[in-house]
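Have a look at the structure below before the remarks.
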2 protein chains.
Amino acid sequence: MNLRELSELLNLSQTTVSRALNGYPEVSESTRKRVTEAAAQHNYHPNAGAQSLATGRSMAIGHVMPMSANHEMVNVIFADFIAGASEIYGRSGYRMVVSMVDDKDELQTYRDLAQRRSVDGVMVHGPVRADPRIPLLNSLGLPFVVHGRSTGVEAEYNWLDVNNRRAIEQVTEHLISLGHRRIGFVNGMEHMDFAFRRRDGYLSALKGAGIPVDPALMQSAEMTEPAGHNAACAMLGLSDPATAFVSSSIVVTLGIRRTLEEMNLRIGQDISLASFDDEISALPNGSPEAPIYTAARSSVRAAGRRCAELLLGQIANPTRANVHELWEADLILGSSTRAIARRRAG
Amino acid sequence: MNLRELSELLNLSQTTVSRALNGYPEVSESTRKRVTEAAAQHNYHPNAGAQSLATGRSMAIGHVMPMSANHEMVNVIFADFIAGASEIYGRSGYRMVVSMVDDKDELQTYRDLAQRRSVDGVMVHGPVRADPRIPLLNSLGLPFVVHGRSTGVEAEYNWLDVNNRRAIEQVTEHLISLGHRRIGFVNGMEHMDFAFRRRDGYLSALKGAGIPVDPALMQSAEMTEPAGHNAACAMLGLSDPATAFVSSSIVVTLGIRRTLEEMNLRIGQDISLASFDDEISALPNGSPEAPIYTAARSSVRAAGRRCAELLLGQIANPTRANVHELWEADLILGSSTRAIARRRAG
DNA sequence: GAGTCACCCCAAAGCGCTTTGAATAGGTCA
DNA sequence: TGACCTATTCAAAGCGCTTTGGGGTGACTC
C-alpha cells in the first residue's frame, strides 16, 4: 500500500491525502478523518526513503561509538544513555541509528553520515581532550550535542556535562574531613575528558587540605571490575597503605570491594569507599533511604534524555545559540565511609 | 555534491558514474579509477534516502527493545549484544536502527518498520513465552532472527539460543555433587523464555537427585543487584537455610554476595555460589586461569555477531531454510563453590 | 447577476539515485 | 571499404513522497 494506491482508494489526489496525513490546514476535517481512518485500516505508513528524499530530512539521529571504548564500562553507560535518548526520539518521531566503528574510521563515519544525509544530527559520546570530532562536525554543519566536554577545543558547540571536577573534589573532601590522608584514586583513562577533570578535582581537594600527592595512590585504567581489584591490591600493599578510596564508578568499586574481602577488611569500618555513581539501572546503589556507597551521583539516563532534547531543539531551530549545561552531581552519604580507624589486625 | 554534479565534473553520465562506483563490469578500469578518485576527493557518498528509494533496500537492520525490559539487566546484555552485531553490520555496509518502545506499541512498531521499509530485517530481543512478535513478523514477510526461542510458538523462524535449561541443570548438578541439598535459585522473570527454561533445568537437576522442591528457595524477579540481595536475605533467613545459590547473572550474584558479607559468610567456604555468566565486558568473571564464580558461561557479544550473520544471510537469500542454533554454555569452575560445610558460628 | 473570497482539492515537478534499453565509438574481418 | 562485434557510454524512466502553483465550487457581498 503506497500513497498512490491509498489516494485512488479514496478517490482523492495524492496531494490531499499527503496533506491530510501531515496535518496541513487546507484539508477539511471530514476528509482528514476519512483519510486517517483508511490509512490506519490499511496500515499505511509512508516509505521512509521516499519521505527523506522528498523532505531532505531523515528523521534519524546518529550515535557513533568508537569500538575501543567498547571494552570498558562505557558500554554499560552507553546503554543507559541511549535508553534515555530513545524516549525523547520516540516521542518526536525520530529514530536512532547506532554505529560502532573502529577508531581509525570514526571521523570518516561522520563525514559519511553527513554526506549521505542518513541522519539529521549526531550525538557525540565519550569526548577526549582536544577531541577532533568537534571541529569536524562544526565544519560539516551537522547539528550535534556532546555528552561531556573537550578541554582544548576552543570552538563553540552544544554540550551537557556533569561537573566531574567538583564531584570528585567533593567526595575527596568528604574523606579528608573524616580524617583520611592516604586516599587512593582509581580513575578512568585520563585521555577521556571526564577522567582528566576528575583527576583535577582529586588533586585540588588534596591541595586544599595540604596533603601531599603520592603517585602510588593514583591509577588511571579502564573502568572495570578487575581494574578496581588491581588498584586496591596495589594501594593496600604499600608500606603506608591507603585508608580510603575514591573510585570512578560503581563497577570499579565492586573490584575494590573484592580486594577488601580477600584481605578481610570491612567496608566503612576498616576502609572507606567513595565513588562516582552513574546510576546504572542494573546496579542500583542500595535504596534511596539507605545508600550503600558514598557517592557523587548523576543519572546517565537523565543525561540521555536531556541531550536528546537539546539535539532535537538544535535541529528544529538551527540558528539557535549553542546550549551549555553543567550538572552538579548529588552527594550521597552511604555506609561505606567513616571516620578513619586503625587497621584491624589480620 | 550529488551524483549529477559529480558526473558533470567528470564529463560522464550519471549512469556511468553510478556503475563505476557500484562495481558493475561494463565500465572500463580507467574510468572506474577516475571516478572513484574523484568521489573520494570530493567526499561523495550517495544520498541514503534516494538510494533506498531506488533500490528498495534500506541497508539497515532494526533492533526493537521494549521499554519494560529496560529496567533490568537486559539493558546491559543488550549493549553487549548490539556491540557484537554492529561489527558484522559494519563490514557489510549495514546500519543499525534502534528503537525503544512502550510494550503496548511494540507490535505496531514492527508493522511500521515493515511498511515504511526503513529496515531490511529485524532482530528480536528477549522473547517471552508464546511471543506474539514471531507470528506477526512471519506474516509481515520481514526477515528476522530471534535471540532466544519462544516456547509455545509452533511457527518456523530463525533463532540462536543458549541451552539455558541444560546450563542451569549442569551448575545445579554440580552443587548437588558437592553435597548441597538446600540450593536457592534466583531466577529472572519467568515470563521470559530463557528464565522459564532455566527453571526447568533447576527442577530437573533436583528431581534427578531426588531432592524435594521448596518454593521458598525459588525466586523470580528482575535481574538486578538488589534482587539478588533480597533473595539471599530471604533464603538464608529460613529455618532450614540455603547452603548454595544458583543465580541468573553475575549482577544478581553481586547482590547475593553483599548479603553474605553482611552476614559474615565467606563465599565458597560457608556458602557456594554459581551463576549464569553472560560475559558482560565490564564485569569479567576474574581471569581465565582463575575464575571467581563457578558459572555456565556464554558470550552475549559472540551471540550478537552470529545473529547478525544469520540475519544478513537470510536477507541475502530469502528462500533459505530457517536456521536454528543451540549453543551449549561452558561450565567454568571457580572458587565460589565448594563441598558443603557447616555454617560458621556468628 | 457579476465579483470576491474562502475553502477544498488537484496536476505536475522534483528530491537523487538505479537500471533498462539504446547509441556511440573503436577494432576486426572478409 | 563496409559489415559486424565488442567495449563503453548515455538518455530517460521510475522509485514514493512532498510541495508549488493553480483551479473549481459554493457562499456572500454589492
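Contact annotation for E26(A): base contact, defined as any heavy-atom pair under 4.0 Å involving a base atom. Residue contacts for S52(A): at a heavy-atom cut-off of 4.0 Å it reaches no nucleic acid atom on any strand shown. Contacts of T55(A) with the nucleic acid, taken as non-hydrogen atoms under 4.0 Å apart, involve only primed sugar atoms and P, OP1 or OP2.
Atom-to-atom distance recorded for W159(A):CH2 and C307(A):SG is 11.0 Å, nearest 0.5 angstrom.
The 5' end of DNA chain C is approached more closely, in terms of each residue's nearest nucleotide, by A50(A) than by the other of A50(A) and S18(B). Along DNA chain D, the nucleotide closest to T16(B) and the one closest to A54(B) are compared, and the more 5′ of them pairs with T16(B).
Distance, N2(B) CG to dG14(C) P: 15 Å, rounded to whole Å. As rounded to whole Å, 16 Å separates atom P of dG16(C) from atom CG of N47(A). Going from atom CZ of R116(A) over to atom P of dC17(C) covers 10 Å, rounded to whole Å. Whole-Å rounding puts the R32(B) CZ to dT9(D) P distance at 10 Å. If you measure from atom CG of L3(B) to atom P of dA11(D), you get 13 Å, rounded to the nearest angstrom. For the pair L21(A) CG and dC9(C) C1', the computed distance is 15 Å after rounding to whole Å. If you take NZ of K33(A) and P of dC8(C), they are 16 Å apart, rounded to a whole angstrom. Note: CG (L53(A)) to P (dG14(D)) measures 17 Å, nearest angstrom.
Closest to the side chain of S13(A), out of dG16(D), dG16(C), dA11(C), is dA11(C). Closest contact between the side chain of Q14(A) and the listed nucleotides dC8(C), dT9(D), dC17(D) involves dC17(D). Comparing dC8(C), dC17(C), dT9(D) against the side chain of Q51(B) picks out dC17(C) as the nearest. Comparing dC17(D), dC10(C), dT9(D) by their nearest atom to the side chain of L12(A) picks out dC10(C).
No hydrogens or angles were tested; on distance alone, a donor-acceptor pair under 3.5 Å links the side chain of T15(A) to the base of dT19(D).
Side chain of N158(B) to main chain of V323(B): a donor-acceptor pair is present (N/O by atom type, distance under 3.5 Å, no hydrogens or angles).
A side-chain donor-acceptor contact under 3.5 Å links N43(B) and H45(B). Side-chain contact, D193(B) with S150(B): no donor N or O sits under 3.5 Å from an acceptor N or O. Looking only at atom types and distance, the side chain of H42(B) has no donor-acceptor partner in the side chain of E37(B) under 3.5 Å away.
An OP1 or OP2 oxygen of dT19(D) is reached within less than 4.0 angstrom by a side-chain nitrogen or oxygen of Y24(A).
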